[in-house]
Amino acid sequence: MRLTIIGGGGFRTPLIHRAVAGWGAVREIALYDSDPRRLAAIGAVLGNQNVVPHTDLDAALAGADFVFCAVRVGGTRGRVLDERIALDCGVLGQETTGAGGLAYGLRGVPVLTALARRIAELAPAAWVVNFTNPVGMITEAMAAVLGDRVIGICDSPAGLFRRVAWLLGVPEELAWFDYAGLNHLGWLRAVRVAGADRLPGLLAGDRLGAIEEGRLFGVPLLRELGMIPNEYLQYYYATAGAIEKARRGPTRGAFLHERQEAFYRAALAEPSAAARLWADTLAEREATYSPAPAPASGEPAGGGYEAMAVAVMRALAGDGAATPVLNVRNRGAVPGLPADAIVEVPCLVDTNGVHPIAGDPLPEAQLALARAVKTAERTTITAALTGSRALAEEAFVAHPLVGDRSVARRLVAGYRAAHVELRALR
């Protein structure tokens, strides 16, 4: 089996490599990156174990059974600009949410759509697993070319499930988590154990503050909702506070840009130390990730998208089945959203493909928010593919975290001036 990783020089590639190596069925991993410097640094970390580096896309794709896409158009510097320009306009600056997410999508959609076309030509039977942010929007753009053979992965829901299972004191594999929404915009509505929903009792109890979501949102809000939101909904439920926090210091993007660029420089200067330098940088990155205060003793850590990706690969290859939360075409799993829209829901994955599982309908308020964000995402995709500046502005106006036309115009003007990839917007 041959796996191709597009964006193989990315900082998190060694995590994917480690997870894939643990399975043992992949005979070769082709790492493609347009930046030979980054590719060399990651190659030094991996020691070139079962890895073939490529700077030629076609050579990397030929014969692939699976393709992982982890592309950052504009690099980490682009993320810094996305965040800072939004904050300068008085709105949230975040990689995937609000203005920052739409700007990232405007840059990424044309590149990933072109990549999807190349995959369709050179590896038409390959399954494509997309990690590229904003995952929902990019997966939807790629699905217009690849159909159901592209799947978006995010580990946020899995981390939430792990923490809730820990609170309940039940093995995670014995619970069914009823979750639905969009990427970074979903809600856990029920947790069924032996046929009984344990979530109402959890919400009424006194232990919610022991997990990240309880600390992040506050127990009263979770009880009012009757659900547990994805951590990224903090940006919708406490927007002013999130903006103020981002303004007080370097943004998350600025922190990662500085640390990761320092790693690449050091790894190239001292290749024999690359693995240690990478591990040290990863530990620092993970220690500073959580948006909530320090976790309680014993609380399970989040993360693990690379393990999810391997579980999906194994199921598609006929090695068992899996039921992860994935970003896939709706097919009625979330009533009220378009059938071809990418949603984030539990899925059955087996050798016959990926099958979204319908749960209870979203309450009206949550559905309205998901509809508004999906409208902004789809308008962004059209703007990116047509080069329409007017549609780009409409996308920002449509998003609940922007909404103001004059701010939308300032945002598009600012992003056009900052990103060479957006100069084509007319």
Side-chain angles (χ1 to χ4, degrees), residues 1-73 75-76 115 119 122-123 126-133 153-155 256-287 289 301-314 316-317 319:
M1 193 173 299
R2 188 170 194 258
L3 166 66
T4 298
I5 303 178
I6 308 295
F11 181 80
R12 298 182 79 172
T13 293
L15 293 173
I16 300 173
H17 180 274
R18 184 186 303 165
V20 171
W23 179 22
V26 177
R27 61 179 171 78
E28 179 184 306
I29 302 175
L31 297 185
Y32 168 79
D33 205 287
S34 59
D35 186 341
R37 164 182 160 273
R38 289 162 54 88
L39 205 54
I42 295 301
V45 173
L46 299 176
N48 294 317
Q49 307 169 56
N50 203 34
V51 166
V52 180
H54 292 272
T55 54
D56 182 291
L57 176 62
D58 289 4
L61 286 175
D65 298 290
F66 288 89
V67 178
F68 287 1
C69 294
V71 180
R72 184 175 288 282
V73 178
T76 52
L115 174 62
I119 293 169
L122 297 175
W127 286 98
V128 180
V129 178
N130 176 51
F131 306 118
T132 302
N133 277 322
I153 282 189
C154 177
D155 60 2
L256 293 179
H257 176 66
E258 177 189 342
R259 298 301 192 275
Q260 290 178 196
E261 284 303 306
F263 155 74
Y264 284 111
R265 289 193 300 269
L268 290 172
E270 193 178 357
S272 62
R276 174 182 58 80
L277 292 165
W278 177 84
D280 290 347
T281 306
L282 177 69
E284 183 181 26
R285 171 187 173 127
E286 296 304 309
Y289 173 73
Y305 76 89
E306 63 280 355
M308 289 180 60
V310 172
V312 168
M313 285 178 69
R314 295 181 70 153
L316 289 170
D319 185 5

Val45 vs Leu277, side chain to side chain contact (heavy atoms under 4.5 Å, CB included): CA-CA, chis, key distance, verdict: CA-CA 9 Å; Val45 173; Leu277 292 165; over 6 Å; no
Worked verdict on Ile6 versus Thr132 for side chain to side chain contact (heavy atoms under 4.5 Å, CB included): CA-CA 10 Å; Ile6 308 295; Thr132 302; over 6 Å; no
Verdict with supporting geometry, Leu282 and Leu15, side chain to side chain contact (heavy atoms under 4.5 Å, CB included): CA-CA 10 Å; Leu282 177 69; Leu15 293 173; 4.0 Å; yes
Side chain to side chain contact (heavy atoms under 4.5 Å, CB included) evaluation trace for Asp319 with Trp23: CA-CA 10 Å; Asp319 185 5; Trp23 179 22; 3.3 Å; yes
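Inter-residue side-chain proximity for Tyr32 and Leu39 is flagged as unmet; no heavy-atom pair is nearer than 4.5 Å. Side-chain contact between Asp155 and Ile153: absent, with no pair of heavy atoms (C-beta onward) separated by less than 4.5 Å. For the pair Val20 and Asn50, the minimum side-chain heavy-atom distance is 4.5 Å or more. Taking the side chain as every heavy atom from C-beta outward, Tyr305 and Ile16 approach each other to under 4.5 Å. Put simply, the side chain of Val26 reaches to within 4.5 Å of the side chain of Met313, judged on heavy atoms. Annotation: side chain of Arg18 is not in contact with side chain of Glu306 (no heavy-atom distance under 4.5 Å).
With hydrogens and angles ignored, the 3.5 Å screen pairs no side-chain donor or acceptor of Trp127 with any backbone N or O of Asp65. Thr4 places no side-chain N or O within 3.5 Å of a backbone atom of Val67 that could act as its donor or acceptor partner. Here the side chain of His54 pairs no donor or acceptor atom with the backbone of Leu61 at under 3.5 angstrom.
Contact detail for Val129 and Ala309: the closest heavy-atom pair is CG1-CB, 4.4 Å. For the pair Met1 and Ala317, the tightest heavy-atom approach, listed with the atom from each and the gap, is CE-CB, 3.8 Å. The two atoms that bring Ala41 and Ala274 nearest to each other are O-CB, 4.3 Å, heavy atoms only. When every heavy atom of Val128 is checked against every heavy atom of Cys69, the shortest pair comes out as CG1-SG, 3.9 Å. Residues Gly9 and Ile42 share a closest heavy-atom pair of O-CG1, 3.3 Å. The nearest pair of heavy atoms linking His17 to Gln49 is NE2-O, 2.9 Å.
In this structure, the separation between OG1 on Thr281 and CD on Glu286 is 11.5 Å, given to the nearest 0.5 Å. With rounding to the nearest 0.5 Å, the separation of OG1 in Thr55 from CG in Leu31 is 12.0 Å. Remark: Ile5 CD1 to Ile29 CD1 distance equals 5.5 Å, nearest 0.5 Å. To the nearest 0.5 Å, atom OG1 of residue Thr13 and atom CZ of residue Arg38 are 8.0 Å apart. In this structure, Arg259 CZ and Arg285 CZ are separated by 12.5 Å, a value rounded to the nearest 0.5 Å.
For the salt bridge (Lys or Arg N to Asp or Glu O under 4.0 Å) test, no residue two or more places apart in sequence or in another chain qualifies with Glu258. Checked against salt bridge (Lys or Arg N to Asp or Glu O under 4.0 Å), Arg276 has the following partners two or more places apart in sequence or in another chain: Asp280.
Note on ring orientation: taking the six-membered ring where Trp is involved, the planes of Phe68 and Phe131 are perpendicular (angle over 60°, cut-offs 30° and 60°).
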